[in-house]
Amino acid sequence: MKKVLIIGGGGGGLILANHLDTNEFDVTIVDKSDLHFYQPWFLYIAFKGSKRKISRPIGELVRPGVNFVKDEITEINLDERKAYGSRKVVYNYDYIAIATGTSPDPDSIPGLRQIYDEYGDYHSSVYNSQKLWSHVKNFKGGTIAIGQASPTCKCPPSLLEGAFLLEERLRGMGMSVGISDSISPSNGNDPAKTGTKGKSRIVFFTPFPRAYSAEPMNRVVEPMVKERGIEVMPFFDVDTIDVQNKTINSLEGESLKYDLPIIVPPCKGPKIKFTPETVQDEDRFIKADKNHMKIPGYDDAFAIGDCNTLPTSKTGVTAHLEAMAVSELIQGKYSEFNGRINCPFDTAYGKATFVIADYKNPVVPYPPTATKHFMKMSMARIYWMTLMGTADPIFERFFKFTTPEKLNKKYASVE
Amino acid sequence: MDVGVKIIDSRGAACPGPITDLARAYRNSKVGDIFEMWATDKGVKADTQAWATKTGNEILESREEPDKIVIRIKINKR
Ligand SMILES: Cc1cc2nc3c(=O)[nH]c(=O)nc-3n(C[C@H](O)[C@H](O)[C@H](O)COP(=O)(O)OP(=O)(O)OC[C@H]3O[C@@H](n4cnc5c(N)ncnc54)[C@H](O)[C@@H]3O)c2cc1C
């Protein structure tokens, strides 16, 4: 039987493993952790204090016949088809799929490590999200600077989702949000929105030209950003943080003062030594072709999900679709990933939208609704079925009826 | 291809889009570097122009080829 070795039991690794025929292939997942986390929920821990349990043992999420080994891979030799774990354990393979996600790198920006250790964030772990929640719930007023420290980040909508949920939270605590002239007249007379429990400002900084990077979706969310009094600093790519003076400085030459910093650290690819080392880019992401996820020069090696260099968003949905395509390719069928993204986007106050596009079609200006919010919330339950493959029929239909081509005809037709 | 020109291939990127790759390359650049950006996203021209104005860098050329938009950028400020 041919051996398939999968490094990483996150969304990508599990979906791949669970779609391979274990009567045909000897399938092994190696992960350094024995738990799998539902990362989208970090947002609700950090900004709502949710206590939902969002992890499950990887060993319980694999189909019968798939092996799971807890180990950290430190070295992969693609020429010799060998991966090395701790204590020099060697894993041989016929096919390898690397699905190690990203790792946060707070040390690459001066001052960020201290902020990260003290305030946490809403992208890295349950622990960090709980730490951030303790600062959010005790916030007494002043300026909150919130954003991503570098342009490479998981789940592009999650950054602004953080700002939206934070605004909802602060108003819920009875605070005002925004400098007075940025509050729209429709909010001006509403006591709940003007605030009696203190004044706050939310400044959302972003390396992109606008609040939401993709312009069609920005057209949808920017009016909401303005109406809620959230200020935006575009083209703000974090260079250094002066912790003493509570100031963030950008590569573009601006600075931003804060009372509470909420900074999502830059993310990088896995800390694995590869032979040949040219398969990783300068941020350690693994190069792979955008349709078949093959590592250039190797027919037996794939990189799927957040750890690769594909020109698409780093999201669970792309990890899912890439894994499905790779499972077909390994089983000798033709398959291709078309760049489809489908990122849920919570715009707070019970509404959400989806960021939908693919390699050939631009992002749809898709309006937020309560139904889409319900779908996003339901995902927290359906997610575990998705990993096992039992929700495939629902997803197949959903993706078929919501292609960016179809949706753009309806929602972007005015252009 | 000229020597010393860094190609930034963002073809197919719709979200977060080509500015991601440009900003990443900018972080590791030095004065005098030349970037050649390839993209298919229609908004790339306006976005790179706005980026260049903001950062004090220079667009040398911007042209449309059948399969891509090509933009050359000179790094004057870092
Ligand atoms: C706040 C937030 C909100 C999000 N919202 C959404 C959303 O609504 N929808 C969506 O689709 N996506 C969302 N995402 C993104 C989504 O969580 C990720 O894109 C997805 O988890 C990527 O899957 P992956 O398999 O590539 O990596 P991961 O799920 O991160 O898994 C990587 C695995 O590899 C293991 N690993 C790493 N290095 C090694 C090693 N050297 N040896 C062994 N094992 C290793 C890790 O322990 C981990 O288990 C969100 C993310 C965040 C942070």
Side-chain angles (χ1 to χ4, degrees), chain A residues 108-109 148-153 155-157 159 206-210 212-218 234-239 250-254 266 281-283 285 290-291 309-315 318 337-343 345 355-364 404 415, chain B residues 4-33 35-59 62 64-71 73-78:
Chain A
S108 57
I109 292 180
Q148 63 194 97
S150 88
T152 316
C153 228
C155 189
L159 287 311
T206 169
F208 297 106
R210 52 190 83 82
Y212 191 73
S213 53
E215 199 275 332
M217 183 50 82
N218 188 64
F235 289 128
F236 191 100
D237 203 348
V238 179
D239 189 27
S250 77
L251 273 177
E252 294 82 1
E254 284 182 300
D281 77 0
E282 66 273 21
D283 289 328
F285 291 107
K290 68 182 194 185
N291 298 115
T309 55
L310 266 57
T312 183
S313 316
K314 298 199 177 300
T315 78
T318 46
F337 172 59
N338 70 357
R340 172 70 192 259
I341 54 172
N342 197 90
C343 312
F345 191 163
V355 181
I356 295 179
D358 60 29
Y359 289 145
K360 294 212 174 90
N361 296 282
V363 168
V364 181
E415 286 151 69
Chain B
V5 173
K6 182 175 164 62
I7 302 287
I8 304 173
D9 186 355
S10 292
R11 286 174 297 174
C15 181
I19 293 292
T20 316
D21 301 318
L22 177 57
R24 270 181 77 194
Y26 183 49
R27 197 179 274 274
N28 303 320
S29 70
K30 52 184 193 312
V31 170
D33 282 356
F35 294 158
E36 181 168 311
M37 189 128 129
W38 298 349
T40 45
D41 183 81
K42 293 269 184 297
V44 71
K45 282 187 178 177
D47 283 355
T48 1
Q49 186 57 62
W51 177 88
T53 309
K54 178 85 184 185
T55 52
N57 293 302
E58 188 185 346
I59 307 272
S62 151
E64 279 189 41
E65 292 186 358
D67 61 333
K68 61 180 182 291
I69 300 165
V70 178
I71 301 175
I73 303 152
K74 188 169 168 219
I75 302 303
N76 292 331
K77 227 182 111 195
R78 183 62 190 79

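The sequence lines fix the lettering, A, B, ..., with proteins before strands; numbering per chain opens at 1.
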### Task
With a 4.5 angstrom heavy-atom cut-off, could you sort out which part of B:Asp21 is near chain A: side chain, backbone, both or neither?
neither
### Query
Is the shortest side-chain N to carboxylate O distance from B:Arg24 to A:Asp281 below 4.0 Å?
yes
### Message
Quick check: closest heavy atoms across A:Pro207 and B:Ile19, and the distance to 0.1 Å?
### Response
O-CG2, 4.0 Å
### Task
Please look at A:Asp283 and chain B and tell me whether the side chain, the backbone, both or neither of the residue comes under 4.5 angstrom of a heavy atom of that chain.
both
### Task
Please state whether the side chain, the backbone, both or neither of A:Pro266 comes within less than 4.5 Å of a heavy atom of chain B.
neither
### Query
Non-hydrogen atoms of chain B under 4.5 Å away: do they reach the side chain of A:Pro156, the backbone, both or neither?
side chain
### Query
In chain order, what residues pass the side-chain contact (heavy atoms from CB on, under 4.5 Å) check against B:Ser29, with sequence neighbours excluded?
B:Tyr26, B:Asp33, B:Phe35, B:Ile75, B:Arg78
### Summary
Smallest heavy-atom separation, A:Tyr212 atom then B:Cys15 atom, equals OH-SG, 3.0 Å
### Query
Side chains of A:Ser150 and B:Arg27: closer than 4.5 Å at any heavy-atom pair?
yes
## Note on the structure
Rounding to 0.5 Å, atoms OH (A:Tyr359) and OG1 (B:Thr40) come to a distance of 10.5 Å
### Task
Could you tell me whether the side chain of B:Asp47 reaches within less than 4.5 Å of the side chain of A:Arg210, counting heavy atoms only?
yes
### A:Lys290, part contacting chain B, at a heavy-atom distance under 4.5 Å
side chain
### Query
Can you tell me if NZ on B:Lys54 sees more than 12 non-hydrogen neighbours from other groups inside 6.0 Å?
yes
### Message
I need the residue from A:Asn361, A:Leu310, A:Thr152, A:Thr312 with the largest number of non-hydrogen atom pairs under 4.5 Å to chain B.
### Response
A:Thr152
